[in-house]
Every structure is written in C-alpha cells, then in structure tokens.
Amino acid sequence: MCNNECDAENEDLAHPPELMFDFEGRNPTTFWQSSSWKKYPKALLVNITLSWSKTIELTDDIVVTFESGRPEQMVLEKSLDYGKTWQPYQFYATDCLDAFTMDAKTVQDLTQHTLLDIICTEEYSRGYVWKYDKTVRFEIKDRFALFAGPRLHNMASLYGQLDTTKNLRDFFTITDLRVRLLRPATGATMVDENNLSRYFYAISDIKVQGRCKCNLHANSCVFDKETLNCECEHNTTGPDCGRCKRNYQGRTWSAGSYLPIPKGTANTCIPNSIGPVNCECFGHSNRCSYIELLNSVICVSCKHNTRGQHCQDCKQGYFRNASAELEDENVCIDCSCNPYGSDSVRCNGTGFCKCKEGTTGAKCRDCLPGYLWDNGCKCVISQGNLSLVGSTPDLEHPQDECSYLF
C-alpha cells in the first residue's frame, strides 16, 4: 500500500478512481485508495457513486474487490430516479446490531415472501481471513434462485414473476449505485492511534453486470452523445422504449414478455390501422385499439351515445335517428321510456319502448281501458258506486278485462 507515499499529482504514486474499473489481473495490481484515517476518531466517510444516466436491470451479483481489507461498516444503496433519492440495498458490518441496530442475516435466510427485505449481513466484513477474502457481494443470483431453483433451472417461474410483479422488477432495476464506506478494516478491537496511516479504503475492482432496461423492445444499447440509449424495435420509442411510435398506436403499449420461453412475446406496437380493417369511427372517436384475440382494430371511447366496433350502433337507452347520417352527432336519440310504465330503458329501432301490463304508447306513458295512472297504470276495480285502483283481483275465473263489477 501507499504508506504515506500516495500522491495524486504523481502518476506513479496516484491511485485515482478510474483504477477501480480497469482490467483485473495486472501486475502490479492497480487500485483506488482513499486518504488515511488521520482524523480519528472522526469517522472516515467515503461515497463511491456509479451513474449510467440510464435505467439498468441487474443480471448478476454486484462484486466489490478490496485491496485494503474489507470495511467493518458499509452500505450499498440504489437509486431509481438518477440520484434524486436513494434507498438501501444492503447493510454490511462486523456487528450488525451495534452498527445498524439490525439482526444479522444472510441471503439464505430470505424466502420468496421476504425477498424484498433489506438485510444487514456480517458475512463480508471480516477484513482478511483467507488470501482471497477480498470481495463484498450483493447476491443477485441467489435471489433469482428463490424462484428459479438452486441452479436457475426453472427460469420460466422467475420470468413469470418478473412479468407480473412490478415491485420485483423494480428491486433489480437501478439508474445509479452508491457504495457508502463508513469504517475501514482495523483487524482488532482497538484502533492504533499511533499508526493511523495504516487505516484506509482501497478498491481494485467494482463489477456490476446488467443490461439496459428497454422493456424487452431492444437487443442492444449504444452510446450516443455520452449517453446510453436503447436501439428500440417493435415500433417503440423513448429512453426505455416505453411508448409506441407516432402512428403506431393501434393498441395500447405493453412491455415485451419473457414468456413463453424461449422466444417470449414481443407485444409489437401496430399501425393505427391495419389490413382491411380501418380505424373508422364515423367521427365518434379518434382512438383505436388492436384486439389480438380478434385480430382487428376497434374504436375506443365512442361519443355521442354510440357504441360498437366502429361506433356504428347506439348504446343502451338510445335508438338510431333515421333522418340523420351515421356521422351526425345526433345519430342516436334517447329512448325516453317512462320509468314507471316501461320494463326497461331500452327501445326498439323505431323508438318504441316495451310497456308494462296496462300501459301503452311509444314511451309507455298512457293507460289501456280499465287502468288509471298512479306511478304506472293500475287496474280499476268497481264495487257499487266505489272505484278502487289496484292490481287485478285474484279470481277463480279471471276476466278478459281489468274492470270487474261485484
């Protein structure tokens, strides 16, 4: 290590941040190194932030390789909004209870139901124990295995969960990653205040494996003006291929699907009109949607009391205005069926409503002979000079007419 010989202005003695991302296996080993803990007992705090200016989906473990001994305390954090807000991914400590007031756990303690829990682990905070004990991990594949099995042999199960569970997809999605180093490796219970230059952080490699999030609508991601961009396919566009191109909105945008394995489903955006079926709505709608099951385009949100694939029919409670063209806003007329005299709000093609017993007229507002109006037509019963309005008498021999003379 540097041992007081570090000098950022001297190329031979400098250990800048870019050395965390060069090729491993060089001799001598290249690494970044922080300043020493010369202000002890004030905490030696360092943040290392990785930003892609792009949404990334993690596909393998995050691995940080230390040359200085693994920190006694650190936190791995993620952002989904380009560094505006941060949330912890995992806590690391030699004593989780003391450092973060959390019980120590490992990824093996997680289940499908607790996969999204944030844990503190003591597994990677022991300084140097063996020659190769240099790495700190955030275990992505072990979490995948909770759905796909120990050897990831059942990827269909994992893909099915990722397809249907947004929280799970978001858990493995980042725009930025931050390593917060809180306490360096000391290798003892007491800090040697006479030799503080021996305490620092040094990292030789940070490995983050993932792919650009393109909602499964791109096979590649390229740099354009120092920014990663999806090369969108399937008639999609946007930073993450998150919407349909103009004139390709024949159905609602949807992310591609992993299923069925192995090829998945593209969910391609389609033109606003396809084949022999045009997006024709007779002026009653300006939006169409593609129905894959029917292989046809239908109008969406028909106006002017119309309905149907092309807004060519009248909705319930309305009938076609025979004197109006199909494009006319007044093509559908309210049936106006009397709520007391009719069986429903519907009417036939000429506007006649279906009337209840004793009621007549196009809108069921009139009574037949022998009936009087009383919130509907009620049967008239005569008894001497007294007329009663009520339902038809329950007679042993029903009469053809409602009026019955006692």
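Everything numeric here is computed off the predicted structure, so don't read it as measured data.
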Next item on the list: Answer yes if the side chains of Asp163 and Ser257 hold a donor-acceptor pair under 3.5 Å, and no otherwise.
Entry: yes

Next item on the list: Take Leu228 and Val222 through the test side-chain contact (heavy atoms from CB on, under 4.5 Å) and record every step on the way to the result.
Entry: CA-CA 5 Å; Leu228 278 170; Val222 297; over 6 Å; no

Next item on the list: Verify the distance criterion only: is there a donor paired with an acceptor across the side chains of Glu231 and Ser220 at less than 3.5 Å?
Entry: yes

Checklist line | Residue pairs, two or more places apart or on separate chains, that pass side-chain hydrogen bond (donor to acceptor under 3.5 Å, both in side chains) and touch residues 329-341 | finding: none

Margin query: Please tell me whether Cys353 and Cys337 are bridged, where bridged means their SG atoms are separated by under 2.5 Å.
Written below: yes

Margin query: Pair Thr55, Tyr82 - check side-chain contact (heavy atoms from CB on, under 4.5 Å), show working.
Written below: CA-CA 8 Å; Thr55 310; Tyr82 304 96; 3.6 Å; yes

Notebook entry, point to check: Among pairs that include at least one residue of residues 341-355, which meet side-chain hydrogen bond (donor to acceptor under 3.5 Å, both in side chains), considering only residues two or more places apart or in two chains?
Noted result: Gln316-Arg346, Asn348-Thr350

Next item on the list: Could you check Gln312, Arg307, His304 and say which one makes a side-chain hydrogen bond (donor to acceptor under 3.5 Å, both in side chains) with His284?
Entry: His304

Notebook entry, point to check: Does the cation-pi check pass for Arg143 over Phe138, that is, NZ or CZ under 6.0 Å from the six-membered ring centre and within 45° of its axis?
Noted result: yes

Note to self: Test your reading of the model: is there a side-chain donor-acceptor pair from Lys54 to the backbone of Lys213, 3.5 Å cut-off?
What the structure shows: yes

Checklist line | Any donor-acceptor N or O pair under 3.5 Å, side chains Ser204, Glu67 | finding: yes

Next item on the list: Could you please spell out the steps behind the ring pair (Phe, Tyr, Trp, His ring centres under 6.0 Å) verdict for Phe31 and His15?
Entry: CA-CA 6 Å; Phe31 53 88; His15 293 270; 4.3 Å; yes

Notebook entry, point to check: Within a strict 4.5 Å, meaning less than it, do heavy atoms of the Tyr201 and Gln33 side chains meet?
Noted result: no

Note to self: Is it true that Glu72 and Thr186 share a donor-acceptor pair across their side chains at a distance under 3.5 Å?
What the structure shows: yes

Next item on the list: Only counting residues at least two apart or in another chain, list the ones meeting side-chain contact (heavy atoms from CB on, under 4.5 Å) with Ser301.
Entry: Arg287

Checklist line | Test item: side-chain donor near acceptor, Asn267 and Thr265, under 3.5 Å | finding: no

Note to self: Evaluate Tyr89 against Phe171 for ring pair (Phe, Tyr, Trp, His ring centres under 6.0 Å), listing each step before the verdict.
What the structure shows: CA-CA 9 Å; Tyr89 242 160; Phe171 185 82; 5.4 Å; yes

Checklist line | Within-4.5 Å side-chain heavy-atom neighbours: Asn47 and Leu45 | finding: no

Next item on the list: For the cysteine pair Cys281 and Cys299, state whether the SG atoms are less than 2.5 angstrom apart.
Entry: yes

Item checked: Residue pairs, two or more places apart or on separate chains, that pass ring-ring contact (aromatic ring centres under 6.0 Å, His included) and touch residues 220-245 -> His217-His234

Margin query: Please list all pairs meeting ring-ring contact (aromatic ring centres under 6.0 Å, His included) that have one or both residues in residues 103-122, counting only residues at least two apart or in different chains.
Written below: none

Check: Which residues pass the side-chain contact (heavy atoms from CB on, under 4.5 Å) test with Met155, sequence neighbours left out?
Finding: Ala148, Leu152, Leu158, Tyr159, Ile261

Note to self: Would you say that more than 12 heavy atoms from the other residues, nucleotides or ligands in this model lie under 6.0 Å from the CD of Glu18, or not?
What the structure shows: yes

Next item on the list: Could you tell me whether Asp176 and Lys78 make a salt bridge, using a distance below 4.0 angstrom between a side-chain N and a carboxylate O?
Entry: no

Next item on the list: Taking all non-hydrogen atoms of both residues into account, name the closest pair between Asp61 and Ile140 and its distance.
Entry: OD1-N, 2.8 Å

Margin query: Less than 3.5 Å apart, any donor N or O on the side chain of Asp81 or Ser79 sitting next to an acceptor on the other?
Written below: yes

Check: Considering only the SG atoms, does Cys221 lie under 2.5 Å from Cys214?
Finding: no

